[in-house]
Protein chains: 2
Amino acid sequence: MKMLLFAVLALPCLAAAQTAPPPLPLDPKIERLRDAALKDDLAYDITEGLTTEIGQRLAGTEAEARARTWAVARLKGLGFSNVHIETFDMPVWVRGEERAEIVAPFPQKLVIAALGNSGATPAAGLTGEVVAFDNVADLEAAPDARVRGKIVFVSHGMKPTQDGSSYGVFGAARRQGPSIASTKGAAAIVIRSIGTDYHRNPHTGVQAWAEGVRPIPAGALSLPDADQLQRILKRGRPVTMRLVLTPRNIGKRQSGNVIAEVPGRDRNAGIVLVGGHLDSWDLGTGAIDDAAGVAITTAAAKRVMQSGRPLRTIRVVWFGAEEVGLFGGLDYLAKHGAEKHAVIAESDFGADRVWKFDSKASAGAQPTVDLIARALAPLGIGKGSTSEASGSDIGPLSASGVPTFALRQDGTRYFDVHHTPDDTLDKIDPEQMRQNVAAWTAMIAIAANARVQFGPVAAAR
Amino acid sequence: MKMLLFAVLALPCLAAAQTAPPPLPLDPKIERLRDAALKDDLAYDITEGLTTEIGQRLAGTEAEARARTWAVARLKGLGFSNVHIETFDMPVWVRGEERAEIVAPFPQKLVIAALGNSGATPAAGLTGEVVAFDNVADLEAAPDARVRGKIVFVSHGMKPTQDGSSYGVFGAARRQGPSIASTKGAAAIVIRSIGTDYHRNPHTGVQAWAEGVRPIPAGALSLPDADQLQRILKRGRPVTMRLVLTPRNIGKRQSGNVIAEVPGRDRNAGIVLVGGHLDSWDLGTGAIDDAAGVAITTAAAKRVMQSGRPLRTIRVVWFGAEEVGLFGGLDYLAKHGAEKHAVIAESDFGADRVWKFDSKASAGAQPTVDLIARALAPLGIGKGSTSEASGSDIGPLSASGVPTFALRQDGTRYFDVHHTPDDTLDKIDPEQMRQNVAAWTAMIAIAANARVQFGPVAAAR
C-alpha cells in the first residue's frame, strides 16, 4: 500500500521517475515455487514430530540432547547436506517446586512459575508482606525501606500488539525487576506474567542478575492470579504471601546447534543463513517457540533445494539454548562469524501469518529487496523497514554488520501462550503456517540466487 | 419466535382462537423492575467478593466454612430475613500430589488432575502400559484381559453445545469410566477432560464408585495432553505411563446450606425457592460454578424485595457440597421437603446470557408461565419446554413433584473453564450477568406474586 501511494504521488515528477532504476524481473519460477509451498505441510509435520516425540526441550538437558538427535535424523532424511551438531557448554538452571499462597487476609493458593535463574526459597518456603508497584519505574523510584524484606509485586498492563513491541516495553518487569528488587533488599519478587491471556498458566522467561546482585526468588503469577492479588491488595489490608520456589543451578551441561546445508554452486557467494531455535522452555512443548521456526525455515529451504542447486549455500541452523541466554547464537558467532554470510534471517515468533518484510541491506541491494517484496505481496505481506531487521540467535551476527532479513509474523495472539504450559501443537494454525513457508521459500529462493551483494551494512554501535 | 409463528398459523382457526384464555396482563411495574436490573452490578459484586475474599470453596473444608460465614454477613447486609446456616456432615476427599508422565517411547510430562473420589497410587507412583479406548462403550465391550493391570485411557470428542447437552453424553467417561475400568481389573484410568478448551488445565469433577468396586487412581488429562497422548499412541509403539496421584479421604466433615428469606404476606401461599451452590471445586475460584448462580439469584431476590413485600416468601438458598455429591440439596430435602414450595429454580450454569425459559408446572398455571415468557422475551429469551425443568441441588425436590422453573444459560463456552483452575472472575461477562439478573428478577417477581397454584406436577418415576 505504501509503495503504491508513493508511485501515484511520484507520477508528476518525471525527473525522479526517470532516475529510478527499472524493477528487476520476477521469475515466474519463483512465483510457482512460492504458490506450491502454500500446499506444503512439511513444516506442520516437523512441528508435530518434534513436539510429540520430544516435547519440552530445556537447554542443556537430556531432552534437548534427544531433540538434537531427532533433528539430525530428520534433516538427513530430508536430503540436506553436511548435517551435524556443534556442541558447547552452558550453565543450566532447572525448575523445582513452585507454590504461592496468600496467607492473609484471604488464605488461598495462587499459580506461579519461577523465572529463569530465579533464586530459591528455603524448602519450607518464605513468608513476607507484599509491596506492590504498578511498574518497574515505580519500583526503582521507591525508597529501599519500603521494599526491604518484603515480597515485591510488579504489575503492569501489557496488551497484545501485532508487532510484539509490547513485549519489549512490559518485559522490563521480568528482565530488570528482579535485580532492582534484590538491590533494594527485597526478600523475593513476583510479577504479573508478561502475557496477554486469561488462563492460569504463568509465563516463565529468562532474566539475568545484574553484576554483583544477590539472586532472590523470582516468579511470575498467571494473569488471573495477578488480578486476584491486585483485588486483594485493593481491600487495603496488609497482604502476606508464602512462596515455595526451589529451582537449582546444576552447573555446566552440553547444548548444541544443529546445522544442515543446501550446497550452493559458488563457495564465494556467501551463505544464506536461515533458522530458528531448537530448545524451548520447560513448561510447554515449544510448538510456537520455536518448533515452528525451525520447521518453517527448514521446509522452505527444502523446497528451494528441490528446485535446483542454488548459487549460494543455504545453511539451516536449529540453534540450541536460545531461551536461557542466546548461547547457541553466541557459539555460532564464535565458530562461524568469520565466514562470509550473504544474508541471515530467523523465524522465532510463532507460526501466525507473516505481515511485513523488514530488511537491513546495502543501497545496491535495494532492487533485490524490492523484488523480494513484490514476490511476497501476493501473500499479504507489506514491505517494512529497510534499515532494521534482526532476530534472537542471529542477533550477535546481525549486530556485527551482516545483512539481515526479517519476515515479521502477526504477534496478536503470540503472548497468549508464549513461555507457558499452553505452548502446544494445537496453537499452530496449519493454514497460516503454510503462508509462512511460502514467504520463506520465495525469500530464500531469491536471496540464494540473486547476483548481488547484500552488504555492506553498518555494524550496530 | 415459536409463539409468534403459532399465533399466525392459528389465525384462520377461529374456534381455537376463541377457546384460548385471554393473556394475563403484564404489569408495567414488572417491566420497570426487569429493566432497572439491567443496570445492577450487585451480582458481579457478590461474585467478585466471594471469589476474591474466599477463593476456592471445596465442600467440607475450612474454606467452605469461611464462605458460609461470608455469605451470612453478605445476606444480612443486603437486608434479607431469617439468614442462617443449616449444617450437615458429609465425607470429604482431598486432592494430593498429581503428576503424570510418559515413560516410553517419548519421555515427557503430562498435566493431570484427579477426579473426585479417585483412589491413590503409591507415593512413589504407579507405572503401566496404556490401553486406549475412544469411548466408554468401547471400554465396556473390551475383554477384561485387554485391560487388566493396564492404565486405561478414554478419549472422546466433546464439542460445545448451547444447552450443555454434550456434557451429559460425554461426561460418561468421567462418571462411569472409572468404575468400569476398575471392574475389568485396570490399574488406573485417565480420561480426556470433559471439556471444550485447549488449555493445559484439566477438568476435574466427581465420580462415584459403583457398589463394591475397588477405587483405583482416576485422573483427567488436559485436552492438549490428551491429544498428545493420542498422537503418541498413533505411532504404534507400546506406551508406558507413570502416575502419581495421592488424594485422600479424610472422613466426615461439616458442610452446610446458607438460607435467607424475603418474607411474604401469605404464609400459606408457598415458598418461591431460588439459589445456586456455594461450594466449588478446588482448582479455580468457582466464579462461573457457582458464585455466579448464588449472586444472580440473590441480586434478583433483593430487587424484588425492594419493590415491596411479595405475596409469597422468597427463599434464597446457597447450597453447600453440590459438586461432590449434591449433599446440600439432599439435606435441604430432608429438612424442608415437607414445606409447601410454590415453585423452585436454580442457577448453576455460569453467567452467560439466558436464552430459554423452561418450566414444569400445572396446566392451570400456563397463563402465568406465558406471562413470565412475555416478560422475558425482551431480554432475548424464548419459551422452551413446559414439561421439563430441573436443577442440580433442587433436583431431588423437583423430582418429588415440586413445580420448577429453569432459566437456561448459554453454555457454548461454559465447558471451556468448568471445573478447571481457569474458573476465575475474569470469565464473567458483566453485561451478560446483568441480563441474567433482569431475567431472574422478572421471573421471581411474577412467581412470588401470582395468585395461582403452580402445581400439582407429577413426581418423576
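Lettering of chains follows the sequences in order, A, B, ..., and the numbering in each one begins at 1.
- The two residues A/V154 and A/A173 make their nearest non-hydrogen contact at CG1-CB, 4.0 Å.
- Using a 4.5 Å cut-off between heavy atoms, A/P105 does not touch chain B at all.
- A pairwise comparison of heavy atoms in B/L278 and B/A71 identifies CD2-CB, 4.4 Å as the closest pair.
- Side-chain contact between A/I151 and A/V239: absent, with no pair of heavy atoms (C-beta onward) separated by less than 4.5 Å.
- Residues A/G195 and A/L223 share a closest heavy-atom pair of O-CD2, 3.4 Å.
- Looking at heavy atoms from C-beta onward, A/V92 lies out of side-chain contact with A/V324 at the 4.5 angstrom threshold.
- Contact annotation for A/L283: only backbone heavy atoms (N, CA, C, O) come within less than 4.5 Å of a heavy atom of chain B.
- When side chains are defined from C-beta on, B/V111 does not count as touching B/L221, because their heavy atoms never get closer than 4.5 Å.
- The contact between A/I54 and chain B is made entirely by backbone atoms, counting heavy-atom distances below 4.5 Å.
- A/L115 CG to A/I194 CD1: the interatomic distance, rounded to the nearest 0.5 Å, is 8.5 Å.
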Chain B to chain A donor-acceptor contacts, backbone plus side chain, under 3.5 Å:
from   : atom 1 : to     : atom 2 : distance (Å)
B/E48  : OE1    : A/R235 : NH1    : 3.4
B/E48  : OE1    : A/R235 : NH2    : 2.8
B/E48  : OE2    : A/R235 : NH1    : 2.9
B/T51  : O      : A/Q228 : NE2    : 2.8
B/T52  : O      : A/Q108 : NE2    : 2.8
B/T52  : OG1    : A/R231 : NE     : 3.1
B/E53  : OE2    : A/R235 : NE     : 2.9
B/E53  : OE2    : A/R235 : NH2    : 2.9
B/Q108 : NE2    : A/T52  : O      : 2.8
B/Y198 : O      : A/K427 : NZ     : 2.9
B/H199 : ND1    : A/D422 : OD2    : 2.7
B/H199 : NE2    : A/H199 : NE2    : 3.0
B/R200 : N      : A/D422 : OD1    : 2.7
B/R200 : NH1    : A/L283 : O      : 3.2
B/R200 : NH1    : A/P421 : O      : 2.8
B/Q228 : NE2    : A/T51  : O      : 2.8
B/R231 : NE     : A/T52  : OG1    : 3.1
B/R235 : NE     : A/E53  : OE2    : 2.9
B/R235 : NH1    : A/E48  : OE1    : 3.4
B/R235 : NH1    : A/E48  : OE2    : 2.9
B/R235 : NH2    : A/E48  : OE1    : 2.8
B/R235 : NH2    : A/E53  : OE2    : 2.9
B/L283 : O      : A/R200 : NH1    : 3.3
B/P421 : O      : A/R200 : NH1    : 2.7
B/D422 : OD1    : A/R200 : N      : 2.7
B/D422 : OD2    : A/H199 : ND1    : 2.6
B/K427 : NZ     : A/Y198 : O      : 2.9

